[in-house]
Structures are given as structure tokens and as C-alpha cells.
Amino acid sequence: MIEIDEEYCKGCSICIDFCPLEVLEISDKINRKGYYPPVPTYEEKCIGCRFCELLCPEFSIMVINE
Amino acid sequence: MNNPDVQPLTDTLHIPQPEEELPHPMEEFLRTERLPHIWCSTCGIGTVITAFITGLQKSGLEREKVAVVSGIGCSGRAAGYLRLDSFHSTHGRAIPFATGLALGNPELKLVVISGDGDIIAIGGNHFIHAARRNINLSIICINNFNYAMTGGQAGPTTPIEANASTAPYGCYEFPFNLPHLAESSGAVYVARWTSLHIRRLTNSISEALLKPGFSFIEVISPCPTLYARRNRLGTGLDLMRFYHDNAKIKHGTDTRKLDIEYQDEIIVGKFLDKDKPTFLEKRDDFLKSKLGDKFVPYMGPKA
Ligand SMILES: Cc1ncc(C[n+]2csc(CCOP(=O)(O)OP(=O)(O)O)c2C)c(N)n1
Ligand code: SF4
Ligand code: SF4
Ligand code: SF4
Ligand SMILES: [Mg+2]
């Protein structure tokens, strides 16, 4: 499961770009700072590799592997 | 905002209450009350912090046995966000401050996380002498090729041709090759990664933390606001893509061959991992050989 803290996100798109399975997309809603956070639109494809979580410069993604 | 139809997320956002929140894996070591941090969008420094925390967790070292020291600069803000003993020292003086801690409390593992300008320009002399003495320090040098915090001036790592606020026609000074500088000054562990190589960087950090003596890790990291903007290289995401396409992993490369040319191939990897007595080991053995039983080694504040 992908949990995103939208308010920490600064919209860099690094998580979206480097997810090996293209799980994430840019949201069409903006956060309080004016950035577009990611949404895990294709979450069912996620393999839980945590790459997005580790690359995020803002500590705003958490991957929960059951 | 280019789309007038978009609604601010916060109006609809379900803000989880503390009791239902799972802690973020980095939270244990972050001063979360200070977040969000000051670093610009797409800056690589936050990712290096994640690598440090993950590397520290992986090393198994106890929080009480580790302290972090930073100097001044954007990268130098690292110490202020880490929830362990940490100190934000003056510009260039992270290594001497950390050396004092390392000698005063030999049980501690000292980590210096700071910028290329801080560690290699104003702090360059401390760097070579701490390496020469093989002080028990791990240095994580965030190299964004400029003095970012003060406005993008050229420094000792700025590649020839790169534009900087003090090099409006491009930099023409020969830059340092940091892994070679570290090795030739006496370091026992030397690696270079980019902030994209998050897992390998994390592994290197945990290896360096467990390595007695002077270990050095250079991390090439995007500064979109100054370095990339002045050189029209795009955002931090564009630089991460550049690292993806142009960083070549070549472990064990002779460090003399690790010069970085402007927007050219970047060789990354682990280049050196050797054993050598640390400053304190050498001192104690040496003085014992001279003084015999008259020599009483200092065992730290608790002894
Ligand atoms: C003694 C002293 N000289 C100069 C400065 C101004 N100064 C602050 S940060 C900095 C350079 C920082 O560069 P770097 O270490 O590469 O960090 P970055 O901001 O690029 O992450 C300088 C010159 C200072 N604070 N103190
Ligand atoms: S955990 Fe891996 S697969 Fe899942 S969204 Fe993140 S990067 Fe993509
Ligand atoms: S990497 Fe982090 S800051 Fe960047 S877009 Fe993704 S969630 Fe936001
Ligand atoms: S100025 Fe550059 S190094 Fe400093 S926070 Fe911004 S992007 Fe990062
Ligand atoms: Mg710098």
C-alpha cells in the first residue's frame, strides 16, 4: 500500500518518474503549497520495492508491505 | 496554477489522527517538528538524508553511539533535521568539531554530513589532515558543484565550463577529484554515488559507519535552483535522469581516473576499502611501545 502525505510533497515528480512499474501519476489537485502531489492510480501493479519512498526528498511517501 | 478548476486538496483531505498513523520509516531519526524542510523542490539533499537514515538503521549502530556534525550551507542543514546527537557547526569546521568529539569519546561514531564548499573549500585543510591521521570519521560530502546557499558561486568542485555566479562565462579552474584527494590524503574507505543510486549509497553509508577510521563518500546531488538553473539543465528531476543515463558503476576504479567533466560521464562505485590503524589505535600502540606500563590510554568519559 502506498501512503502519500500530500502536504509534505513539493511536486518534484521523482517518485512518478522512477517507479519501475508506473504506479504513480500526478494528481490534478494541488496542495497548500501549490504543488501537485502524486496519486497511486495503478496501485495494484506496485511490487513494494520502496524506490519511491527512498528517493522522495520530502519524506512524503510510505510504502506499507503487508 | 494553470488550471482554474483545480480545488485545493486540503479542503477534502482526510488528515489522519495520530493514533491511526503508522510511523514513516525515517521518522525515528527525523526531527519531524521541523518538517517540511527548507530545501527547494527537486533538491537532492533530502534524498541523501533518507540514505543516511536507512544506512544507519542497516548498520545496527545504536543511536547513542552516533553523532552527526554539519557545517554551513544548504547541505549543512542536515544536522538540524536529524533526531540524534547532532551539531550545526560554523562554516568549514565540521571536521575539527567532529574530531574533538571522536577523540573525547572514542566510543562514538562521528558522521560529517555537509557540502562540497564546506568540506573541501573552506574546510579543505581539516579534511586532508583528518584523513592523514585516519581519525574515526565518516564524511558524507554532498557535491552539488557550487556554493548553493550563498547564491551559486563557483568552488573547488565546479567543473570547467559550468556557469556560476562568480564564473559568468563558465568556470576555468581545475576542480578537485574528491575520491582521489581522499585516498591520497589517507582515507581507508572511498566511494562515490549520485542521489539516484539510493540503495548503493545506503549500503556504502552502512559500510562506512562500520569501518574504523576515515571513510569518505561523495554524493553528486542536484541543485536545481542555482547550479541547474544557471546552466539551463532543467530541474532536479532532469539531473536525476542525467545521472540515470550518464553515471557508470565501476567499482575499484583507480581514483586518479575519477575527474568529473561538465555534463559528462560520472564514474561511481566503491573505490577503496582497506585496513589501517586509526589515529587512536596508532597513538596507543606507539606510546605503549615507548613507555610500556607507564602509558595509561585514555578510555573515554565513562572510564
Ligand atoms: C566563515 C564563513 N565564510 C563564508 C560564509 C558564507 N557561506 C555560507 S554557506 C557557503 C557555501 C556553502 O557551500 P556548500 O558547502 O557547497 O553547501 P551548499 O549550500 O552547496 O549545499 C558560504 C561560502 C560563512 N557562512 N562563513
Ligand atoms: S514501491 Fe516501487 S513499485 Fe510501488 S509505487 Fe513505489 S516505486 Fe513503484
Ligand atoms: S518524490 Fe516526494 S516530493 Fe517528489 S513528487 Fe513524489 S511525493 Fe512529491
Ligand atoms: S539552493 Fe540548491 S542546494 Fe540549496 S536547497 Fe535549493 S536546490 Fe538545494
Ligand atoms: Mg555545494
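Worth saying up front: this structure is predicted, and the values here are computed from it rather than measured.
Counting all heavy atoms, side chain and backbone alike, His37(B) lies closest to Pro57(A) at NE2-O, 2.7 Å. Closest non-hydrogen pair, Leu237(B) versus Ser13(A), comes out as CD2-CB, 3.9 Å. The shortest heavy-atom contact between Cys12(A) and Thr42(B) is CB-CG2, 3.1 Å.
Atom NE2 of His251(B) has more than 12 heavy atoms from other residues, nucleotides or ligands within 6.0 Å. Residue Arg200(B) qualifies as open at atom CZ: its count of foreign heavy atoms under 6.0 Å is 12 or below. Within a 6.0 Å radius of CD in Glu22(A), other residues, nucleotides and ligands contribute 12 heavy atoms or fewer.
Of the atoms belonging to Arg241(B), heavy atoms from both backbone and side chain fall under 4.5 Å from chain A. With a 4.5 Å cut-off on non-hydrogen atoms, Ser195(B) touches chain A through its backbone but not through its side chain. Looking at Met26(B), only its side chain comes within 4.5 Å of chain A, counting heavy atoms on both sides. Interface remark: Ile45(B) contributes no atoms to any contact with chain A (heavy atom separation under 4.5 Å). Within the 4.5 angstrom heavy-atom criterion, atoms from both the backbone and the side chain of Phe51(A) approach chain B. Proximity to chain A (any heavy atom under 4.5 Å) is restricted, for Thr54(B), to the side chain, taken from C-beta onward. For Ile64(A), the part lying under 4.5 angstrom from a heavy atom of chain B is the side chain only.
The shortest side-chain heavy-atom distance between Phe59(A) and Glu27(B) does not fall under the 4.5 Å cut-off. Taking the side chain as every heavy atom from C-beta outward, Lys33(A) and Pro36(B) approach each other to under 4.5 Å. Looking only at side-chain heavy atoms (C-beta outward), Thr47(B) and Leu54(A) stay at 4.5 Å or farther from each other.
Expressed to the nearest 0.5 Å, how far CD of Glu58(A) lies from CD1 of Ile49(B) amounts to 11.5 Å.
Residues of residues 38-50 of chain A lying under 4.5 angstrom from chain B, judged on non-hydrogen atoms, are Cys49(A), Arg50(A) by number.
Looking only at distances, no side-chain donor or acceptor of Ser41(B) sits under 3.5 Å from a matching main-chain atom of Gly11(A). For Lys10(A) (side chain) and Cys43(B) (main-chain N/O), no donor-acceptor pair under 3.5 Å exists by modelled atom type. Side chain of His24(B) to backbone of Glu53(A): no donor-acceptor contact under 3.5 angstrom is found.
Contacts with chain B were tallied for Val63(A), Asp17(A), Ile14(A); Asp17(A) has the most, counting heavy-atom pairs under 4.5 Å.
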